[in-house]
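To start, the structure itself, in structure tokens.
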Amino acid sequence: MSPLHHPDDSLLVDYATGALDAGARMVIGAHLGACPGCSTTVAEAEAVGGALMSTLPAATMSPDALALALARIERPAPAEPTPLDGPADWIAVPTEVVRAATRRRRWAAPGVWVAPISQRPGGARSYLLRVGAGMSVPRHTHRGAEMILVLKGCYVDGDIRHGPGDFAVNDDSVDHQPRAIGEVECVCLISADSALVPRDWVGRLFQPFVGI
Amino acid sequence: MSPSSKITGVDGASLSACIVNIAERGDREAFARLFSHFAPRVKSYLMRLGAVPEAAEELAQETLLTVWRRAAAFDPTRAAASTWIFTIARNLRIDLSRREARGVPADDPSQHDSGPAAPDDALSSVEDEDRISRALATLPKEQAQVVALAFFADKPHSEIARDLGLPLGTVKSRLRLAMSRLRGALAERRP
Ligand SMILES: [Zn+2]
């Protein structure tokens with residue numbers, strides 16, 4: 001089933017031009033793997049990129065550039081790392097996410113685990129969050145923006161339901177307490193500009209353990 | 001399939017055929033032709049994005065080396081040669097800037113290139129490239145400016161808006177108009 005909630009077109013164009021930061025690129029890339037419609041939009045924008053590149057005046061290359069290239073293609077290609085597949089019931093994710101899920105997950109509270117994927121000096125971070133069926137994350141808001149993609153299961157935020165492949169952006173205008181619904185756990189891939197801002201004592205208690 | 005010696009022009013169809021010939025029989029003549037056409041343009045593209053000439057040339061070399069190694073993954077019914085090579089150059093540029101930023105190798109998240117084909121696999125044929133080029137030439141100036149900045153300035157919408165001194169909504173709507181016009185050009189041939 002195709003996702004119901006999509007990144008807006010400007011994010012898809014930013015993906016095609018290469019302007020997104022690594023975390024946003026990862027989250028939107030995972031959505032594209034699950035969404036033929038958005039993949040088509042990105043492919044169209046990439047075709048524009050290719051056509052634009054073709055219109056550029058040719059830069060001058062070094063005199064031996066072609067000879068060098070012809071020599072390079074004779075060298076054996078280094079073995080490409082084998083991509084790791086994630087769990088069969090998840091939306092497909094890149095190897096670094098699978099690796100984080102297997103090596104870095106830690107239980108943060110009963111039913112909740114977090115697996116950091118990357119953290120940057122400015123505070124930007126990406127991580128996986130797993131919440132057991134029927135459980136909520138503590139009430140919180142955001143400093144800066146957060147992109148979230150469901151890899152497995154479902155959650156409700158207010159009265160909007162998000163299932164596998166669904167994409168959402170949250171910022172400091174939201175104050176929410178998403179809740180996993182359905183029969184199975186909910187696993188999400190998240191990229192955020194900075195840490196969550198807890199809005200209640202449960203959250204303040206919870207946050208130091210998980211660092212999200 | 002015609003032998004590579006018959007491929008003489010630099011039109012989109014013959015460039016696509018070069019990649020197919022590389023995949024099918026390691027055609028070095030086809031590679032040389034592709035290199036001569038695309039490497040200088042990839043270098044131009046990277047210099048537009050701020051790379052110094054030496055770094056741009058090295059990345060152009062890597063781009064064409066990747067074309068050689070991954071030629072079998074190219075599907076001429078899904079993408080024009082220019083589109084495919086653009087995405088390779090873009091991904092290498094992103095990988096390089098990530099490695100420079102954090103000093104460790106990174107996985108490429110943009111695996112959708114090899115993912116399931118979009119339902120409309122006729123999207124990016126060679127005629128589409130010509131249609132896009134013609135449509136680009138007819139864009140109103142303010143739309144063309146935003147498109148060029150988006151692709152050649154490595155900037156998300158928000159920064160383009162700041163640079164132009166325009167509201168974000170204006171930049172978004174100009175880009176949206178431009179993209180829908182370009183998409184309209186692609187749709188022309190569809191019944
Ligand atoms: Zn989508």
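The chains referred to below are lettered A, B, ... by the order of the sequence lines, with proteins before strands, and numbering in each begins at 1.
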Subject >> Non-hydrogen atoms of B/Ala135 and B/Leu182 that approach each other most closely >> reply: CB-CD2, 3.7 Å
Original post:
Side chain, backbone, both or neither: which part of B/Phe31 has a heavy atom under 4.5 Å from chain A?
Top reply: side chain
Original post:
Contact part of B/Val171 toward chain A, heavy-atom cut-off under 4.5 Å: side chain, backbone, both or neither?
Top reply: neither
Subject >> Under 4.5 Å from a heavy atom of chain A, the part of B/Leu175 involved >> reply: side chain
**OP:** Could you tell me which of B/Glu57, B/Arg41, B/Lys43, B/Met179 has the largest number of non-hydrogen atom pairs under 4.5 Å with chain A?
**Re:** B/Glu57
Subject >> Electrostatic pair A/Glu146:A/Arg125 at N-O distance under 4.0 angstrom >> reply: no
Original post:
In terms of heavy-atom pairs under 4.5 Å with chain B, which of A/Thr55, A/Val13, A/Leu11 leads?
Top reply: A/Val13
Original post:
Any salt bridge between A/Asp9 and B/Arg176, counting N to O under 4.0 Å?
Top reply: no
Subject >> Selection from A/Cys35, A/Pro83, A/Gly49 maximising heavy-atom pairs under 4.5 Å formed with chain B >> reply: A/Gly49
Subject >> Structural part of B/Arg69 lying under 4.5 Å from a heavy atom of chain A >> reply: side chain
**OP:** Using non-hydrogen atoms and a 4.5 Å limit, figure out which bit of A/Ser62 sits close to chain B: side chain, backbone, both or neither.
**Re:** both
**OP:** Before giving the answer on ring-ring contact (aromatic ring centres under 6.0 Å, His included), spell out for A/Tyr155 and A/His162 the whole-Å C-alpha distance, their side-chain angles and the decisive distance to 0.1 Å.
**Re:** CA-CA 5 Å; A/Tyr155 74 89; A/His162 299 258; 4.5 Å; yes
Original post:
Does any heavy atom of chain B fall under 4.5 Å from the side chain of A/Asp8, the backbone, both, or neither of them?
Top reply: side chain
Original post:
Would you call A/Pro36 and A/Ser2 a side-chain contact if the rule is heavy atoms closer than 4.5 Å?
Top reply: yes
Subject >> Charged N-O contact under 4.0 Å between B/Arg70 and A/Glu80 >> reply: yes
Subject >> B/Lys155, part contacting chain A, at a heavy-atom distance under 4.5 Å >> reply: backbone
Subject >> Contacting moiety of B/Phe151, where chain A heavy atoms sit under 4.5 Å >> reply: both
Subject >> Minimum-distance pair of heavy atoms, taken over all atoms of A/Ile91 and A/Ala30 >> reply: CG2-O, 3.7 Å
**OP:** Would you name the heavy atoms of A/Gly18 and A/Arg25 that are closest together and state the gap between them?
**Re:** CA-NH1, 4.2 Å
**OP:** Check each atom of A/Ala65 against the heavy atoms of chain B and say whether the ones under 4.5 Å are side chain, backbone, both or neither.
**Re:** both
